[in-house]
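So that the names make sense, note that chain A is the first sequence line, chain B the second, and so on, each numbered from 1.
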Amino acid sequence: ENYLYCIYSSKHPYNMNLVTIHFNNLIKKMVFCISIYDVKGVDILRRDFLWKNMAVYGPVVKIHPVVLASIADSYERRNEGATRVIGTILGTIDKHSVEITNCFSVPHNESEDEVAVDMEFAKNMYELHKKVSPSEAIVGWYATGFDITEHSVLIHEYYSREAQNPIHLTLDTTLQNGKMNVRAYVSAQMGVPGKTVGVMFTPLTVKHIYYDTERIGIDLLHTTCASPSRTNGLTSDLAQVGTSAARVQDMLTTVLAYIEDVLSGKVIADNSVGRCLMDLLNKVPFIPAEDFESMLNSNINDLLMVTYLTNLAQAQISLNEKLVVL
Amino acid sequence: MASRKESGVSSSNTLDSPVKQIQIEGLVVLKIIKHYQEEGQGSEVVQGVLLGLVVEDRLEITNCFPFPQHTEEDADFDEVQYQMEMMRSLRHVNIDHLHVGWYQSTFYGSFVSRALLDSQFSYQHAIEESVVLIYDPIKTAQGSLSLKAYRLTPKLMEICKEKDFSAEGLKKAAVGYENMFEEVPIVIKNSHLISVLLWELEEKSTVPSKHELLSLSSSSHLEKSLQMLMDRVDDMSQDIVKFNTFSRNTSKQQQQKHQYIQRRQQENTQRQSRGEPPLPEEDISKMFKPPQPPPRMDTLLIAGQINTYCQTVKEFTSQNLGKLFMAEALQGHNS
């Protein structure tokens with residue numbers, strides 16, 4: 001393989017992009033795969049800044065957490081010897097955004113020279129999935145790993161037949177740089193017109209979106225990260241209110257600590273934070289004591305009555321049970 | 001009374017059932033949530049299959065896939081075929097293809113029904129350790145994930161096997177509505193990679209974590225639950241009335257039979273005294289057809305359902321009481 005390095009200058013203030021062009025002799029296909037590599041030694045912050053400022057000429061990609069969890073799970077279950085897994089992603093397309101709601105993995109074999117994807121399998125799975133959610137369509141494909149390789153181009157070509165302008169999603173399960181990055185790309189043609197045409201993967205902005213219930217589910221799952229055995233039981237009623245209250249208490253302590261610091265001069269007061277605190281205090285409604293007392297009491301009475309009635313109903317059915325069995 | 005009910009549910013866990021605990025992966029939880037969110041808005045129930053394996057006395061659920069809704073158009077839709085194809089495909093990508101149960105969403109907690117009983121029975125009959133996961137989306141939207149796992153008790157299994165749903169059968173097996181289902185505790189477990197993913201999401205998420213749990217305005221939910229409870233109690237009372245009429249009818253019939261036999265005997269003695277041959281003994285049972293005993297199973301199911309409603313309502317009220325006291329403390333501080 002020959003590598004051609006050239007420095008690509010752009011109007012960006014940070015002119016430190018290095019563009020590598022792979023020229024693959026073995027496949028004899030004049031396909032150029034260009035990926036934007038970061039210079040070794042550029043610190044992480046600058047890279048993130050570059051990433052955010054790069055071209056966003058494409059739809060915004062919104063990902064649900066279930067997709068990422070699915071990808072991570074299929075990576076864990078990969079066949080021996082495979083370094084990465086690929087699969088199809090399903091979702092819905094809007095005018096300006098693509099919402100990715102589901103995915104499934106597709107068995108594939110990858111070696112130095114060639115890549116084989118089980119397309120029959122992919123078609124089958126898509127049919128099955130369509131039976132459950134007819135509104136989901138193929139919007140692209142995913143791969144785990146950090147790089148975009150030459151094989152990715154071929155796979156991307158296949159997927160362009162399935163969907164218009166497919167999105168390529170990568171999840172960095174190898175945890176390069178200590179982070180699990182989620183990136184999305186769209187392919188674009190590039191090159192000198194008339195001569196061989198190449199393919200470039202342009203990055204897109206990635207957003208994580210949640211349904212309300214998903215958000216609550218993720219919060220619960222997050223608690224398992226804290227325990228050493230990575231487990232967590234599902235607590236019941238009052239205990240949950242207790243934990244919620246504890247969380248609010250923690251937040252209040254942080255706020256109080258900040259206020260103390262500001263008052264004692266350790267931290268410079270920030271006006272916007274001050275305004276937020278003002279909003280916070282005003283949120284507790286000022287209700288005259290008697291009104292609040294009566295409201296509270298009537299609510300408590302309602303709840304107690306309901307508890308009494310349900311206990312009565314339970315007593316009734318158990319009594320009925322005993323009588324019938326006589 | 002209330003504490004006895006609670007202990008009744010928890011003590012049945014110590015029955016010697018093969019599954020003492022359920023371990024679910026985070027992925028399964030997310031998939032169930034997503035399935036309801038996307039497909040379950042109109043109709044009441046979404047269902048799916050759970051996949052996993054059994055380790056000692058734990059049932060580990062590692063993946064799941066949803067079932068399409070039953071629609072009128074695809075009458076020739078083959079459920080079994082869908083399932084087989086799905087499992088075969090999943091096996092190719094190394095996902096556990098062992099069937100270990102099924103999940104169902106519920107509407108305000110109303111899931112104790114004949115259909116559920118039948119499905120769970122056929123599952124448990126085929127696979128010893130299967131469970132049914134009940135996911136309550138409305139309760140989850142209120143702040144805390146509501147996922148419960150149930151199995152049929154061995155006693156109920158026996159009854160279903162023999163299909164003997166009459167009163168005597170139930171009495172023999174001593175099955176009360178408390179002993180129908182046993183709840184199995186659930187534990188959520190995530191692998192290391194998923195934990196890393198969760199941390200990433202936490203950093204990057206733009207949606208703040210929800211504090212729905214602490215919201216005080218939940219009276220509409222309470223109303224709905226109580227409404228359903230009242231409906232069920234109405235059903236129950238109808239059933240009771242039916243049973244009462246049945247028992248009254250049986251006792252009346254007994255009396256009639258007695259009278260008939262007595263009259264017969266009297267006539268026979270009279271005839272004997274007159275020297276005529278006695279009247280033939282007629283088959284009494286054919287003359288007096290015993291009234292149909294009402295099916296007991298439905299009553300049992302209704303009782304079970306009422307019980308679950310009561311449990312959920314009580315949980316709800318205890319939560320709300322806690323929240324009200326918190327609000328009081330906050331207000332007290334203010335004034």
Q) Distance only, no hydrogens: is a donor on one side chain within 3.5 Å (strictly under) of an acceptor on the other, for Lys31(B) and Asn102(A)? A) no

Q | side chain to side chain contact (heavy atoms under 4.5 Å, CB included) evaluation trace for Val106(A) with His92(B) | A | CA-CA 9 Å; Val106(A) 174; His92(B) 275 198; over 6 Å; no

Q: With rounding to the nearest 0.5 Å, note down the distance linking CD1 in Ile71(A) to CG in Leu197(B).
A: 9.0 Å

(Q) Quick check for you: to the nearest 0.5 Å, what is the distance between Thr101(A) atom OG1 and Lys34(B) atom NZ? (A) 4.5 Å

Q. So what's closer than 4.5 Å to chain B heavy atoms on His64(A): side chain, backbone, both or neither?
A. neither

Q. At a heavy-atom separation under 4.5 Å, does Ile24(B) approach chain A through its side chain, its backbone, both, or neither?
A. neither

Q: Determine the minimum heavy-atom distance between Arg78(A) and Asn94(B), stating which atoms define it.
A: C-ND2, 3.8 Å

**Q.** For the student: nearest non-hydrogen atoms of Val93(B) and Pro107(A), plus distance
**A.** CG1-CD, 3.9 Å

Q: Under 4.5 Å heavy-atom distance to chain B, tell me which part of Asn299(A) shows up: side chain, backbone, both or neither.
A: both

Q | Nearest-0.5 Å distance that lies between atom CG in Leu30(B) and atom CG in Asp73(A) | A | 11.0 Å

Q | Part of Tyr75(A) lying under 4.5 Å from any heavy atom of chain B | A | side chain

Q. Do Glu25(B) and Arg77(A) sit within salt-bridge range, that is, some charged N less than 4.0 Å from a carboxylate O?
A. no

Q.
Distance check, rounded to the nearest 0.5 Å: Leu128(A) atom CG versus Gln83(B) atom CD?
A. 11.5 Å

Q. For Phe325(B), is it the side chain, the backbone, both, or neither that has a heavy atom closer than 4.5 Å to a heavy atom of chain A?
A. side chain

**Q.** Neighbour count above 12 (heavy atom, 6.0 Å) for Gln316(A) CD
**A.** no

Q: Return the option, out of His35(B), Met86(B), Gln21(B), Met236(B), with the maximum number of heavy-atom pairs under 4.5 Å with chain A.
A: Met86(B)

(Q) With side chain to side chain contact (heavy atoms under 4.5 Å, CB included) as the criterion, how do Lys314(B) and Asn311(A) come out once you've worked through the C-alpha distance, each side chain's angles and the decisive distance to 0.1 Å? (A) CA-CA 9 Å; Lys314(B) 280 202 289 199; Asn311(A) 280 338; 3.0 Å; yes

Q: Would you check if Lys131(A) and Phe67(B) make a side-chain contact, meaning some heavy-atom pair closer than 4.5 Å?
A: no

Q: Against chain B, label Glu136(A) side chain, backbone, both or neither, depending on which of its atoms sit under 4.5 Å from a heavy atom there.
A: side chain

Q. Rounded to the nearest 0.5 Å, how far apart are CD of Gln314(A) and SG of Cys310(B)?
A. 4.5 Å

Q) Side chain, backbone, both or neither: which part of Ser105(A) has a heavy atom under 4.5 Å from chain B? A) both

Q. Going through the distances and angles, do Glu38(B) and Tyr211(A) end up as a side chain to side chain contact (heavy atoms under 4.5 Å, CB included)?
A. CA-CA 10 Å; Glu38(B) 293 188 349; Tyr211(A) 298 125; 3.0 Å; yes

Q.
Surrounding CE of Met119(A) (heavy atoms of other residues, nucleotides or ligands, distance under 6.0 Å), is the total greater than 12?
A. yes

Q. Just how far is it from atom CG of Leu321(B) to atom CG of Leu303(A), taken to the nearest 0.5 Å?
A. 5.0 Å

Q) Under the side chain to side chain contact (heavy atoms under 4.5 Å, CB included) criterion, do Phe316(B) and Thr307(A) qualify, and how do the steps go? A) CA-CA 9 Å; Phe316(B) 185 75; Thr307(A) 323; over 6 Å; no

